[in-house]
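Below is one structure, written out as structure tokens; the observations come after it.
Below, read A as the first sequence line, B as the second, and so on, with proteins coming before strands; counting in each chain starts at 1. Below, all heavy atoms of this structure are taken into account, side chains as well, without hydrogens, waters or symmetry copies.
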Protein chains: 2
Amino acid sequence: MLNELSDNTEHKILEAAKTVFIKEGMKGARMQEIATEAGINKSLLHYYFRTKEKLFAAVFQFAFKAFIPKIDEILGPGLSLHERFSRFANAYTEILIDNPFIPLFVLHEINRHPEIIYKLVQQVGTKPKLLEEIITDEIKKGVIKPVDPKQVIINMISLCVFPIIARPIILPLIFEDDQKKYRKFLEDRKTEIADFIFNSIKVQ
Amino acid sequence: MLNELSDNTEHKILEAAKTVFIKEGMKGARMQEIATEAGINKSLLHYYFRTKEKLFAAVFQFAFKAFIPKIDEILGPGLSLHERFSRFANAYTEILIDNPFIPLFVLHEINRHPEIIYKLVQQVGTKPKLLEEIITDEIKKGVIKPVDPKQVIINMISLCVFPIIARPIILPLIFEDDQKKYRKFLEDRKTEIADFIFNSIKVQ
DNA sequence: GTCTATATTGTGATAGAC
DNA sequence: GTCTATCACAATATAGAC
């Protein structure tokens with residue numbers, strides 16, 4: 001027996017819209033395709049969300065939240081810097097493996113309309129202040145080199161996200177279309193990324 | 001006085017098509033917008049390229065070539081590994097700063113149609129074999145740790161590309177919309193990335 | 001080769017019955 | 001709330017004059 005949420009039409013529409021919008025983008029998505037995916041009629045989409053624009057907005061907000069890592073949540077208190085990197089790489093890579101099309105969807109749409117980010121930032125509120133402070137502290141303590149914390153944070157996110165969004169290039173070009181090799185590569189990275197970042201900045 | 005190439009209509013159309021397609025994507029681009037951008041009539045587009053599809057294909061091929069770094073060209077012979085990393089980060093970052101929308105365009109379209117890569121790979125032919133061999137050699141010589149060369153290469157490209165494609169998120173979230181700070185950040189990275197990669201894998 | 005005018009199709013949105 | 005039928009417009013593509 002399905003519960004109310006997973007059974008009602010609005011929920012079905014949203015799930016279908018996520019699937020289609022995230023795969024095809026705002027312009028590429030067709031209302032008909034979303035309706036078919038949801039197993040309902042096209043008109044019902046308009047009954048529930050009035051316009052494609054509004055339906056898209058709901059999906060985009062969801063995707064943005066899923067893409068922006070909740071760094072401060074992932075990083076619990078009282079951990080070493082290396083452990084923090086390791087936790088982050090693990091948790092974020094997991095999220096990305098489960099939702100591989102979200103990053104590209106968010107980046108593509110935000111490039112088309114850079115202004116939409118401002119509303120979302122207020123709602124989501126995600127400045128990675130904590131991690132930046134932690135890195136700055138470790139520099140003062142002499143544990144790591146005097147690097148720019150912003151560079152380190154961007155490096156971290158770059159290393160997690162890029163291999164996911166470049167999958168259709170990496171898979172044939174680097175792994176000869178062997179999905180298992182690619183998958184193992186991603187699994188290895190969970191630990192590799194943390195080691196990699198830490199080795200690059202630690203005092204020898 | 002313009003030379004033949006830069007003056008003829010076909011060239012004007014292609015330049016306009018690059019601008020519009022790369023910014024808006026295949027589905028987002030409008031033939032009218034391309035025509036306007038080229039300073040000609042909409043019908044002429046069809047006269048020269050018959051369909052939107054064919055015009056898109058021309059643009060995509062160009063963009064793909066521009067995006068895939070010609071690693072083996074950038075890496076001249078007789079250089080140290082650190083110098084090679086440094087050269088690559090410099091050259092590739094320059095290309096990306098000059099063409100910031102190309103990576104996202106290529107990745108977005110290739111995700112929508114992953115099969116299109118096979119034709120292009122044949123034409124462009126870009127397996128980073130040379131760099132992989134060089135890294136493997138350095139491992140044997142004991143200069144660097146026994147890492148997976150593929151991980152190192154992907155790291156290199158990730159660190160170059162991601163900060164460019166995530167600009168609309170990074171700029172407001174990390175640099176408070178200060179374009180100069182972002183620009184300096186990218187400039188710093190040219191050397192930072194090479195150091196970063198090399199430090200992370202060198203034997204201490 | 002280049003234009004204007006028009007055909008054709010695709011697609012978001014609405015009206016109205018049930 | 002859900003459906004069928006239809007509208008209205010946007011966008012690709014073509015016809016035909018010059």
Side-chain angles (χ1 to χ4, degrees), chain A residues 1-63 105 108-109 111-113 116, chain B residues 1-63 105 108-109 111-113 116:
Chain A
M1 182 181 120
L2 295 167
N3 63 29
E4 244 185 1
L5 248 183
S6 66
D7 195 27
N8 72 19
T9 304
E10 186 171 345
H11 184 260
K12 278 194 299 185
I13 291 174
L14 264 173
E15 288 305 306
K18 280 181 199 170
T19 304
V20 176
F21 272 125
I22 289 172
K23 186 170 154 226
E24 305 289 343
M26 166 64 181
K27 289 287 187 178
R30 298 296 144 220
M31 292 298 266
Q32 180 58 62
E33 199 183 343
I34 295 171
T36 304
E37 176 79 23
I40 55 153
N41 190 280
K42 208 172 45 152
S43 303
L44 262 192
L45 298 180
H46 290 99
Y47 177 78
Y48 278 92
F49 288 90
R50 268 201 63 78
T51 66
K52 184 183 181 183
E53 193 79 31
K54 289 197 205 307
L55 184 51
F56 170 79
V59 172
F60 187 83
Q61 180 166 344
F62 160 83
F105 168 70
H108 174 72
E109 299 300 339
N111 255 285
R112 284 173 42 87
H113 304 288
I116 59 179
Chain B
M1 181 181 120
L2 296 167
N3 65 28
E4 244 186 359
L5 248 185
S6 67
D7 194 26
N8 72 20
T9 304
E10 187 170 345
H11 184 261
K12 278 194 299 186
I13 290 175
L14 265 173
E15 288 306 306
K18 280 181 201 170
T19 305
V20 176
F21 272 126
I22 289 172
K23 190 173 153 223
E24 306 288 343
M26 166 63 181
K27 288 289 188 177
R30 297 292 100 130
M31 294 297 267
Q32 179 58 62
E33 198 183 344
I34 295 172
T36 305
E37 176 80 22
I40 56 155
N41 190 280
K42 210 173 39 156
S43 304
L44 263 192
L45 299 180
H46 293 283
Y47 177 78
Y48 279 93
F49 289 90
R50 266 200 59 80
T51 66
K52 183 183 181 183
E53 193 80 31
K54 289 196 205 310
L55 184 52
F56 170 79
V59 172
F60 188 82
Q61 181 166 344
F62 160 83
F105 168 69
H108 174 73
E109 299 300 339
N111 254 286
R112 283 174 43 88
H113 304 289
I116 59 179

Next on the checklist: What I want to find out is whether B:E15 reaches B:K12 closely enough, with some N-O distance under 4.0 Å, to be called a salt bridge.
Outcome noted: no
Rounding to a whole Å, what distance do you find between [X]:[atom1] and [N]:[atom2]?
X	N	atom1	atom2	value
B:F49	C:dG1	CZ	P	12 Å
A:F56	C:dT11	CZ	C1'	17 Å
B:M26	D:dA11	CE	P	14 Å
B:K12	C:dT2	NZ	C1'	11 Å
A:L55	C:dT11	CG	C1'	15 Å
B:E33	D:dA10	CD	P	15 Å
A:K27	C:dG10	NZ	P	18 Å

Next on the checklist: Minimum heavy-atom separation for A:A35 and A:N41, please, with both atom names.
Outcome noted: CB-C, 3.9 Å
Donor-acceptor pairs under 3.5 angstrom involving side-chain atoms of residues 20-31 of chain A: please list them, not counting sequence neighbours.
{"residue": "A:E24", "atom": "OE1", "partner": "B:R112", "partner atom": "NH1", "Å": "2.7"}
{"residue": "A:R30", "atom": "NH2", "partner": "A:K27", "partner atom": "O", "Å": "3.0"}

Next on the checklist: Please evaluate residues B:F56 and B:E109 with respect to the criterion side-chain contact (heavy atoms from CB on, under 4.5 Å), reporting the C-alpha separation (whole Å), side-chain torsions for both, the decisive distance (0.1 Å), and the verdict.
Outcome noted: CA-CA 10 Å; B:F56 170 79; B:E109 299 300 339; 3.7 Å; yes
Item to check | Worked verdict on A:L14 versus A:H11 for side-chain contact (heavy atoms from CB on, under 4.5 Å) | outcome: CA-CA 5 Å; A:L14 264 173; A:H11 184 260; 5.6 Å; no
Checklist entry - When every nucleotide of nucleotides 12-18 of chain D is labelled 5' to 3' by its protein contacts under 4.0 Å (heavy atoms), B for base, S for sugar-phosphate only, - for none, what sequence of letters results? => result BBBB---
Checklist entry - Which residues pass the side chain to side chain contact (heavy atoms under 4.5 Å, CB included) test with B:A57, sequence neighbours left out? => result none
Item to check | Proximity to the side chain of A:N41 - top-ranked nucleotide from C:dT2, D:dG1, D:dT4 | outcome: D:dT4
